[in-house]
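As structure tokens, the structure follows; a few thoughts come after it.
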Amino acid sequence: MELSKSAIVSQKAKNRANMIRLSAIGWRVEKIAQYLRVSKLVVRNSLHRWLDKGFMGLEDTPKTGRKRKWQPSDLAVVEVKLETEQRAYSSRQLCEVLANSRKIQLSERHLRRILKKKL
């Protein structure tokens, strides 16, 4: 019960803990899936993770792929540049600013994507 109220636990981990709790009190996989609005496979996988890994099976595994090259502090530099100077910058010019000041190489397209998400 404490796990479901914790602020530092992800929502997925809370859902998995809820699935385990419902299974422990006798609910069937189909009923749990219907109640939590997930597939039966998700419930079964969560229960198997619990049996195999215990509490460590509740949390998500680390995501695969490349680590990001930029940090939020790098975007802060771009934001300050845009706010303080009264001119328009192209994405190429902003990439050059990041390359010169922060030693970060981003493509123009990637920088535009990041800025769109930020805005």
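- When side chains are defined from C-beta on, Asn15 does not count as touching Val38, because their heavy atoms never get closer than 4.5 Å.
- Judged by distance alone, the side chain of Asn100 and the main-chain N or O of Val97 form no donor-acceptor pair under 3.5 Å.
- A continuous path of hydrophobic side-chain contacts links Leu115 to Leu106 [ILVMFWY only; heavy atoms under 4.5 Å].
- Electrostatic pairing of Arg16 and Asp60 counts as a salt bridge here, judged by a charged N lying under 4.0 Å from a carboxylate O.
- Among all heavy-atom pairs drawn from Phe55 and Trp50, the shortest one is N-CZ3, 3.7 Å.
- Applying the 6.0 Å contact sphere to CD of Gln93 captures more than 12 heavy atoms from other residues, nucleotides or ligands.
- Salt-bridge formation is detected for the pair Glu30/Arg44: a Lys NZ or Arg NE/NH1/NH2 atom is positioned less than 4.0 Å from an Asp or Glu carboxylate oxygen.
- With contacts defined as side-chain heavy-atom distances shorter than 4.5 Å, the pair Ile32/Asn18 does not qualify.
- Cluster annotation: Leu36 is connected to Trp27 through the hydrophobic network of ILVMFWY side chains, with a link wherever side-chain heavy atoms come within less than 4.5 Å.
- The two residues Val43 and Met19 come nearest to each other via the heavy atoms CA-SD, 3.8 Å.
- Looking at heavy atoms from C-beta onward, Val78 lies out of side-chain contact with Ile114 at the 4.5 angstrom threshold.
- The minimum heavy-atom distance linking Leu58 with Ala17 is given by the pair CD2-N, 3.9 Å.
- For the atom pair CG (Leu94) and CZ (Arg112), the distance works out to 10.5 Å, reported to the nearest 0.5 Å.
- The neighbour count for Arg109 CZ, taken as heavy atoms of other residues, nucleotides or ligands under 6.0 Å away, does not exceed 12.
- Expressed to the nearest 0.5 Å, how far OG of Ser39 lies from CD of Gln34 amounts to 13.0 Å.
- Atom CD of Gln105 sits in a sparse spot, with 12 or fewer heavy atoms from other residues, nucleotides or ligands closer than 6.0 Å.
- Under 4.0 Å is where a charged nitrogen must lie from a carboxylate oxygen, and between Lys81 and Glu85 at least one such pair does.
- Closest heavy-atom contact between Leu47 and Ser23: CD2-CB, 3.8 Å.
- More than 12 heavy atoms of other residues, nucleotides or ligands shown are found within 6.0 angstrom of OH on Tyr89.
- Cluster annotation: Ile20 and Val42 are assigned to the same hydrophobic cluster (Ile/Leu/Val/Met/Phe/Trp/Tyr, side-chain heavy-atom contacts under 4.5 Å, transitive).
- Pairing each heavy atom of Ser91 with each of Leu111, the nearest pair is O-CD2, 3.8 Å.
- For the atom pair CD of Glu59 and CZ of Arg49, the computed distance is 9.0 Å after rounding to the nearest 0.5 Å.
- Taking all atoms of both residues into account, the shortest heavy-atom contact from His110 to Ser107 is N-OG, 3.0 Å.
- Between Leu41 atom CG and His48 atom NE2 the span is 9.0 Å, to the nearest 0.5 Å.
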